[in-house]
Amino acid sequence: MAKRFYVTTPLYYVNDLPHIGHTYSTILADILARYYRMQGYETHFLTGTDEHGQKVQQAAEKAGISPEKHCDEYSQRFRSFWDELRLTYDDFIRTTEQRHVEVVQKILMDLYKKGDIYKDRYEGLYSVAEERFITQKEYEEGNFREVKEIHEENYFFRMSAYQRDLMTYIESHKEFIQPENRRNEILGFLQQPLNDLCISRPKNRLSWGIELPFDPNYVTYVWFDALINYISAIGYKTNETLFKKWWPAVHIIGKDILTTHCVYWPTMLMAAGVSLPKTIFAHGWWMSEGQKMSKSLGNFIDIQTIREHISRTGHDGFRYFLAKEGPLFGDSDFSKERFYQTYNTDLANDFGNLVNRILTLIEKYFDGKIPTPGKLSDTEKLLKQEGETLCKNAFSLLDRFELNRLVFELLTYIRSINRYLEQKAPWKLAKTNLEETGTILYAALASLQLAAQLFEPVLPEKMHQLLTMLHGSQELTRTLTWDALKPGTLIPKTKALFPRIDLTFLEETSNKKQVKPQPNTNQQNEQEAIKYIPLEDFKKVQLKTARVLSAENVEGTKNLLKLTVEVGPETHTLVAGIAKYYNPDELVGKTIVIVANLQPVTIRGIQSMGMLLAAQDKDTLRLVTIDGDLPKSGVIIQ
Ligand code: MSP
């Protein structure tokens with residue numbers, strides 16, 4: 001089968017300017033695209049803007065300009081920001097483009113003729129803010145704004161007819177919705193009967209949309225229109241060869257648009273007779289300084305803030321943090337302190353110092369030329385092997401979207417190279433044994449160049465710079481082999497790759513402007529008032545027994561342990577702050593109690609699936625364990 005990779009981002013609404021949420025989806029897609037290109041895949045990376053609908057119409061009216069002008073301006077802001085971030089998208093689609101409109105209308109016509117779109121009278125509630133019809137139950141839950149009652153005739157897509165097929169498909173295709181918690185969310189949602197989907201809006205209420213080809217009094221519902229971009233952009237119905245070349249796609253989305261992508265979109269495709277996307281991967285959300293981003297708190301990580309960070313750390317420093325700490329499986333927090341500390345610790349100290357150390361010694365003892373290695377000792381062979389294993393594992397981690405983990409593994413390798421140098425101390429040896437010093441420096445450099453190749457999709461600029469230096473300004477053919485460097489090559493001198501950042505400015509800014517944690521009065525009152533919780537709330541928490549299979553310290557931390565536990569037929573990884581209270585060895589074999597259905601979080605690059613229970617009183621902490629033996633692990637506690 002041809003090696004092809006088609007990746008998409010959501011299409012961003014043009015009623016907002018790019019912020020870290022949009023930027024994260026797009027950088028994630030960029031990193032994936034680069035990794036696949038690196039493996040020799042022909043790659044197509046699509047992004048763009050979602051331009052129809054009421055919110056856009058209103059924003060344009062408010063600004064006193066035409067919707068077209070408004071869309072041109074905002075769409076361009078997204079596009080130029082992606083260019084500024086040097087993202088390697090291949091195509092940028094706008095839903096107002098003719099190539100898209102044409103395909104939406106063709107699909108609408110096909111489904112209409114087929115009887116999958118029908119007209120009906122709708123009487124019920126409508127949320128203007130969310131631009132969708134809502135049920136009485138949703139209204140009572142209170143999550144929808146600007147709700148009004150609407151009585152009108154509309155067109156409906158027979159979504160309910162595809163519910164069963166969709167469920168069967170999801171159940172038999174594990175890779176279709178990822179990560180697993182999102183897949184379960186959708187399977188849970190599909191336990192209720194699906195309604196048909198209202199896919200039209202009367203023009204007298206909303207005119208800014210794609211006209212229905214079978215009724216000029218209506219425009220298309222914005223979601224039905226926008227989702228189609230993923231196939232209109234690659235020639236569905238207009239260039240079948242191109243379409244066959246790229247489809248199916250890997251869709252990167254955020255968790256808030258899970259239902260539209262995992263229910264509306266696949267049923268639309270089923271109705272149109274198109275195969276389903278390969279994977280829909282829904283990441284979590286970025287919080288900012290511990291709280292949800294909101295205009296009133298002033299903690300939005302917007303274009304200006306991102307630019308400011310990049311002006312200090314470079315583009316790669318920003319990408320690095322997103323890749324290492326980003327909300328792949330749960331939510332993540334963007335705190336300035338953590339951002340700059342991560343840069344200084346990982347990139348300036350670990351990575352930067354390694355490069356600096358090796359190059360200074362090569363300059364001093366080998367006239368700046370890569371030394372010729374002698375016979376490799378077992379230590380060098382081990383280092384080489386660690387690099388080669390990493391190459392093998394890297395891509396399977398990516399196939400599972402474990403980018404956090406990959407970055408962590410790469411950093412661990414950088415640290416191994418540093419440790420190897422500490423152990424061999426070539427700066428001392430150089431005075432007595434130049435030949436062995438040469439071998440050591442060659443081994444360190446060979447390992448570094450392998451790590452640099454694997455890091456390139458995350459840190460494209462700096463790694464390109466480093467690899468070009470190591471190859472004497474020759475364009476390197478990426479081989480992913482350890483001994484790719486040519487002895488004798490002159491390494492040109494350069495400035496520090498990741499200069500250390502003086503963090504005193506953080507204290508100054510935090511004194512001036514602090515995002516104050518606003519007490520959520522509702523929540524506080526609730527906590528005070530609610531002494532008891534209903535049983536249904538407690539039932540949501542899944543407590544299970546788990547047997548500790550192994551435990552180890554999390555590198556670079558004093559208080560974290562990584563536990564591998566057996567929970568019935570499954571194995572979970574947990575990260576827990578208990579290193580001060582337990583040695584890893586004393587935990588193995590214990591049967592502990594965990595919260596098994598907690599949203600996964602990534603801690604230090606490790607995905608932690610669940611939380612263990614412990615009792616803590618000041619300086620003492622003891623784990624909750626089971627009194628006596630149970631025949632197996634994974635037993636539900638009730
Ligand atoms: N236009 C729709 C998508 C249509 S796709 C055919 C849309 N646009 S959006 O601009 O509102 O959001 C785009 C993406 O940004 C969503 O995936 C959303 O999850 C993501 N984010 C918005 N805020 C976010 C965070 N704070 N953190 C991470 N991503 C979040 O929805």
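For ligands, and for the atoms within them, numbers begin at 1 and follow the listed sequence.
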Regarding [X] and [Y], is there a side-chain donor-to-acceptor distance under 3.5 Å anywhere?
{"X": "H100", "Y": "D225", "answer": "yes"}
{"X": "W285", "Y": "D256", "answer": "yes"}
{"X": "Y89", "Y": "T9", "answer": "no"}
{"X": "E308", "Y": "Q304", "answer": "no"}
{"X": "D302", "Y": "T305", "answer": "yes"}
{"X": "Y221", "Y": "N154", "answer": "no"}

Considering only protein heavy atoms, which is closest to [atom], and at what distance to one decimal place?
{"atom": "atom 23 (N) of ligand 1", "result": "H19 CE1, 3.3 Å"}
{"atom": "atom 6 (C) of ligand 1", "result": "Y230 OH, 3.6 Å"}
{"atom": "atom 17 (O) of ligand 1", "result": "G254 N, 2.9 Å"}
{"atom": "atom 12 (O) of ligand 1", "result": "H22 CD2, 4.1 Å"}
{"atom": "atom 18 (C) of ligand 1", "result": "D256 OD1, 3.2 Å"}
{"atom": "atom 7 (C) of ligand 1", "result": "Y13 CE1, 3.4 Å"}

Taking [atom] as the point of reference, which of [options] owns the nearest heavy atom?
{"atom": "atom 28 (C) of ligand 1", "options": "G53, G21, P327", "value": "G21"}
{"atom": "atom 4 (C) of ligand 1", "options": "F78, Y264, W223", "value": "W223"}
{"atom": "atom 31 (O) of ligand 1", "options": "I301, I257, I93", "value": "I257"}

Between M287 and ligand 1, which residue portion shows a heavy-atom distance shorter than 4.0 Å: side chain, backbone, both, or neither?
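Neither part.
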
Is ligand 1 under 4.0 Å from a heavy atom in the side chain of Y24, in the backbone, in both, or in neither?
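Neither part.
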
Contact check: [X] vs ligand 1, nitrogen or oxygen atoms, below 3.5 angstrom:
{"X": "D50", "result": "yes"}
{"X": "Y12", "result": "no"}
{"X": "L11", "result": "yes"}
{"X": "I253", "result": "no"}
{"X": "K255", "result": "no"}

Suppose we call two aromatic rings close when their centres sit under 6.0 Å apart. Are Y343 and H309 close by that rule?
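When the ring centroids of Y343 and H309 are compared, they turn out to be at least 6.0 Å apart.
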
Suppose I only count heavy atoms of [X] and a 4.0 Å limit; which atoms of ligand 1 are within that range?
{"X": "M293", "value": "26 (N)"}
{"X": "H283", "value": "28 (C), 29 (N)"}
{"X": "H261", "value": "5 (S)"}
{"X": "G284", "value": "28 (C)"}
{"X": "W286", "value": "25 (C), 26 (N), 27 (N), 28 (C)"}

For R400, look at atom CZ and say whether over 12 heavy atoms of other residues, nucleotides or ligands are found less than 6.0 Å away.
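Result for CZ/R400: enclosed.
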
Within 45 degrees of the ring normal and closer than 6.0 Å to the centroid, is that where the cationic atom of R37 sits relative to F45?
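Relative to the ring axis of F45, which defines the angle, R37 lies outside at least one limit.
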
Any chance you could lay out the side chain to side chain contact (heavy atoms under 4.5 Å, CB included) test for Y36 and V7, step after step, and finish with the verdict?
CA-CA 10 Å; Y36 278 89; V7 65; over 6 Å; no

Start with the C-alpha gap between D90 and Y6, add the side-chain angles, then the distance that decides, and say whether side chain to side chain contact (heavy atoms under 4.5 Å, CB included) holds.
CA-CA 10 Å; D90 297 290; Y6 173 35; over 6 Å; no

Go through the steps for H173 and L276 under the test side chain to side chain contact (heavy atoms under 4.5 Å, CB included), then give the verdict.
CA-CA 11 Å; H173 293 79; L276 300 195; over 6 Å; no

Scan E152, R201, K148 and name whichever one has a side-chain hydrogen bond (donor to acceptor under 3.5 Å, both in side chains) with Y126.
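Among E152, R201, K148, the one that satisfies the side-chain hydrogen bond (donor to acceptor under 3.5 Å, both in side chains) with Y126 is R201.
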
